[in-house]
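The figures that follow rest on heavy atoms only: side chains count, while hydrogens, waters and symmetry mates do not. Everything quoted here is computed from the prediction, not taken from an experiment.
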Amino acid sequence: HVKKLLKQIKPDVVHVHNFFPLWSPSIFYACKSLNVPVILTLHNYRTLCPTALLMHDGKVTEKSIIDGPWWSVPKKVYRDSLIGTFLLALMISIHKWLGTWNKQVSKFIVLTQFSKNKFISAGFPENKIEIKPNFVDIDFHEKDKKQNSRFLFVGRLSEEKGIHILKNVFKDNKSNFIVTVLGSGPLGVELNHSSFKKLGSKDSKFVFQAMQQHLALLLPSICYEGFPMTVVEAYANGLAVIGSRIGSIEELIEHGVTGLLFEPGNPESLAQTMQWALDHPVEMYQMGLNARKRYEDLYTAHENIQQLESIYQNAIQSSKNERVI
């Protein structure tokens, strides 16, 4: 079916964002057999670990990178399913054994250097991995946010996003922070403290307006995020980000320049960082302006399309070179 489609379309290049669960890695073999260069964007760690996040029981784990994926089967990490987790572990193991990622894919795109390092440590070919971040296209009209004292959380209300960390900031009831919460999820009930203003899921226009009306975005994740869209959206809207010093987040936030970092999984550290932000509104305002400048330098649609076209051209040229050989 895939081969037939490729023969009809005759693409210059195929770009795969997610082959799971609708496709299997056979799509890469089909492309290779027809000498069509194929690019895979690695948005998460599904090709290494059935958890997709390198996370289990609320903690980061690199067991799959070190020992392989089979530890995850009895844990039923994929949708609490023994069979589902087994099939994922089998897929990961088979394609590592076959050398699918080394032989069949022309180029990989990852979102950060941190992510690239993880895939290299798991055996992916370094010379085939390119870094291209996420992007957004957002107009920005500078507003005076120096007097704003509210924080903003945008995202899924789930364990890996650090909802318990956020909740525990208010455990002693002494904190005077106000947090606007945009999003929904299984842990929404955890944020019933009066300091949380829960507005549910909202469209992009609402989110972007909120970003231009708050002191800082909170990103208390406890997992290895790929490249949270909320970071680039916040930057585009001139909003500094307070995030966990973990994985790609530490790479994306320049501490004291585009935002602030705190100790991951530590509500006391988050509370102290939020208090510093409240006590230094002028500095936070400047970080927001710095964040917008960072967006303009790295994360615009114009910058991104140039990077993507360059990756496509390299993949096409590499494929031609292989045919000559």
Subject >> Closest approach of Arg150 to Thr180 (non-hydrogen atoms, all atoms of both residues) >> reply: NH1-OG1, 4.0 Å
**OP:** Inspect the surroundings of CG in Asn117 and state if more than 12 heavy atoms from other residues, nucleotides or ligands are less than 6.0 Å away.
**Re:** yes
Original post:
Same hydrophobic cluster for Phe86 and Val77, using side-chain heavy-atom links shorter than 4.5 Å among ILVMFWY?
Top reply: no
**OP:** Take atom CD1 of Ile120 as the centre, draw a 6.0 Å sphere, and report whether it contains more than 12 heavy atoms from other residues, nucleotides or ligands.
**Re:** yes
Original post:
Is the gap between the ring centers of Tyr235 and Tyr295 under 6.0 Å?
Top reply: no
Original post:
Just one of Val232, Val136, Ile138, Asp139 clears the side chain to side chain contact (heavy atoms under 4.5 Å, CB included) bar with Asn237, so which one?
Top reply: Ile138
**OP:** Answer yes or no: are there more than 12 heavy-atom neighbours, outside His302 itself, under 6.0 Å from its atom NE2?
**Re:** no
Original post:
What distance separates Leu270 CG from Glu263 CD, expressed to the nearest 0.5 Å?
Top reply: 11.5 Å
Subject >> More than 12 heavy atoms from other groups under 6.0 Å of NZ on Lys198 >> reply: yes
Original post:
Once you round to the nearest 0.5 Å, how far does SG of Cys49 lie from CD1 of Ile92?
Top reply: 6.5 Å
Original post:
Counting only N and O atoms by type, is there a donor-acceptor contact under 3.5 Å from the side chain of Arg292 to the main-chain atoms of Ala236?
Top reply: yes
Original post:
If you look at every heavy atom in Gly68 and Trp71, which pair is closest and at what distance?
Top reply: O-CD1, 3.2 Å
Original post:
Counting N and O atoms only, with roles assigned by atom type, does the side chain of Ser244 sit under 3.5 Å from a partner on the main chain of Ile246, one being a donor and the other an acceptor?
Top reply: no
Original post:
How far apart are the C-alpha atoms of Tyr78 and Leu87, what are their side-chain angles, what is the distance that settles it, and do they pass the side-chain contact (heavy atoms from CB on, under 4.5 Å) test?
Top reply: CA-CA 10 Å; Tyr78 179 69; Leu87 291 174; over 6 Å; no
Subject >> Common cluster, Ile27/Phe124, ILVMFWY with side-chain heavy-atom separation under 4.5 Å >> reply: yes
**OP:** Can you measure from CG (Asp12) to OH (Tyr312) and round to the nearest 0.5 angstrom?
**Re:** 11.0 Å
Original post:
Are Leu217 and Leu199 connected, step by step, through hydrophobic side chains (Ile, Leu, Val, Met, Phe, Trp, Tyr) whose heavy atoms are closer than 4.5 Å?
Top reply: yes
Subject >> Nearest-0.5 Å distance, OG1 of residue Thr85 to CG of residue Asp80 >> reply: 8.0 Å
Original post:
Can you say whether the rings of His193 and Phe196 are parallel (under 30°), tilted (30 to 60°) or perpendicular (over 60°)?
Top reply: perpendicular
Original post:
Okay, side chain of Ser319, backbone of Ala315: is any donor-acceptor separation there less than 3.5 Å?
Top reply: no
Original post:
Would a line drawn from the ring center of Phe151 to the ring center of Phe177 be shorter than 6.0 Å?
Top reply: yes
Original post:
Can you find a pair of side-chain heavy atoms, one from Ser221 and one from Lys161, that are under 4.5 Å apart?
Top reply: yes
Original post:
Per the side-chain hydrogen bond (donor to acceptor under 3.5 Å, both in side chains) rule, which among Arg294, Gln286, Lys293 passes with Asn290?
Top reply: Gln286
Original post:
Would a 4.5 Å heavy-atom cut-off, applied to side chains only, mark Ile222 and Met55 as touching?
Top reply: yes
Original post:
Testing Tyr224, Tyr45, Phe114 for ring pair (Phe, Tyr, Trp, His ring centres under 6.0 Å) with Phe119, which one passes?
Top reply: Tyr45
Subject >> Check against side-chain contact (heavy atoms from CB on, under 4.5 Å), Leu187 and Glu159 >> reply: CA-CA 7 Å; Leu187 296 186; Glu159 181 183 44; 4.3 Å; yes
Original post:
What are the two closest non-hydrogen atoms of Ala277 and Leu260, and how far apart are they?
Top reply: CB-CD1, 4.4 Å
**OP:** Could you state whether Trp276 and Val179 fall into the same hydrophobic cluster, counting links through intermediate Ile, Leu, Val, Met, Phe, Trp or Tyr residues with side-chain heavy atoms under 4.5 angstrom apart?
**Re:** yes
Subject >> Any donor-acceptor N or O pair under 3.5 Å, side chains His43, Thr41 >> reply: no
Original post:
Of the non-hydrogen atoms in Pro11 and Leu6, which two are nearest, and what is the gap between them?
Top reply: CD-O, 3.5 Å
Subject >> Contact check, side chains of Asn314 and Ser310, non-hydrogen atoms, under 4.5 Å >> reply: yes
Subject >> Contact check, side chains of Asn304 and Lys132, non-hydrogen atoms, under 4.5 Å >> reply: yes
**OP:** Identify, with sequence neighbours excluded, every residue that meets salt bridge (charged side-chain N to carboxylate O under 4.0 Å, His left out) alongside Glu268.
**Re:** none
Subject >> Sidechain-backbone polar pair: Ser93 side chain, Leu90 backbone, donor-acceptor under 3.5 Å >> reply: no
Original post:
Hey, are Ser318 and Ser106 close enough side-chain-wise for a donor-acceptor pair under 3.5 Å?
Top reply: no
Do any side-chain atoms of residues 97-105 form donor-acceptor pairs under 3.5 angstrom with protein atoms, and if so which ones, sequence neighbours left out?
unit_1: Thr100; atom_1: OG1; unit_2: Tyr29; atom_2: OH; d: 2.6
unit_1: Thr100; atom_1: OG1; unit_2: His95; atom_2: ND1; d: 2.7

**OP:** Would you name the heavy atoms of Ser115 and Ser248 that are closest together and state the gap between them?
**Re:** N-OG, 4.3 Å
Original post:
Taking the side chain as C-beta and beyond, is there a heavy-atom pair between Phe170 and Ser194 under 4.5 Å?
Top reply: no
Original post:
Within a strict 4.5 Å, meaning less than it, do heavy atoms of the Met287 and Glu254 side chains meet?
Top reply: no
Original post:
Between NZ of Lys167 and CD of Glu190, what distance do you get to the nearest 0.5 Å?
Top reply: 4.0 Å
Original post:
Do Val73 and Leu82 pass the side-chain contact (heavy atoms from CB on, under 4.5 Å) test, and can you show the C-alpha distance, the side-chain angles, and the key distance before you say yes or no?
Top reply: CA-CA 6 Å; Val73 176; Leu82 190 69; 3.8 Å; yes
Original post:
Between Pro50 and Ser64, is any pair of side-chain heavy atoms under 4.5 Å apart?
Top reply: yes
Subject >> From CG (Leu88) to CZ (Arg46), nearest 0.5 Å >> reply: 5.5 Å
Original post:
Heavy atoms, side chains only, cut-off 4.5 Å: are Met274 and Leu218 in contact?
Top reply: yes
Original post:
When hydrophobic residues are tied together by side-chain contacts of less than 4.5 Å, even through go-betweens, does Ile178 share a cluster with Leu278?
Top reply: no
**OP:** Mind running side-chain contact (heavy atoms from CB on, under 4.5 Å) on Thr51 and Lys75 for me, showing each step along the way?
**Re:** CA-CA 10 Å; Thr51 68; Lys75 308 282 187 186; over 6 Å; no
Subject >> Exceeds 12 heavy-atom contacts within 6.0 angstrom, atom NZ of Lys96 >> reply: no
Original post:
What are the two closest heavy atoms between Leu252 and Val231, and how far apart are they?
Top reply: CB-CG1, 4.4 Å
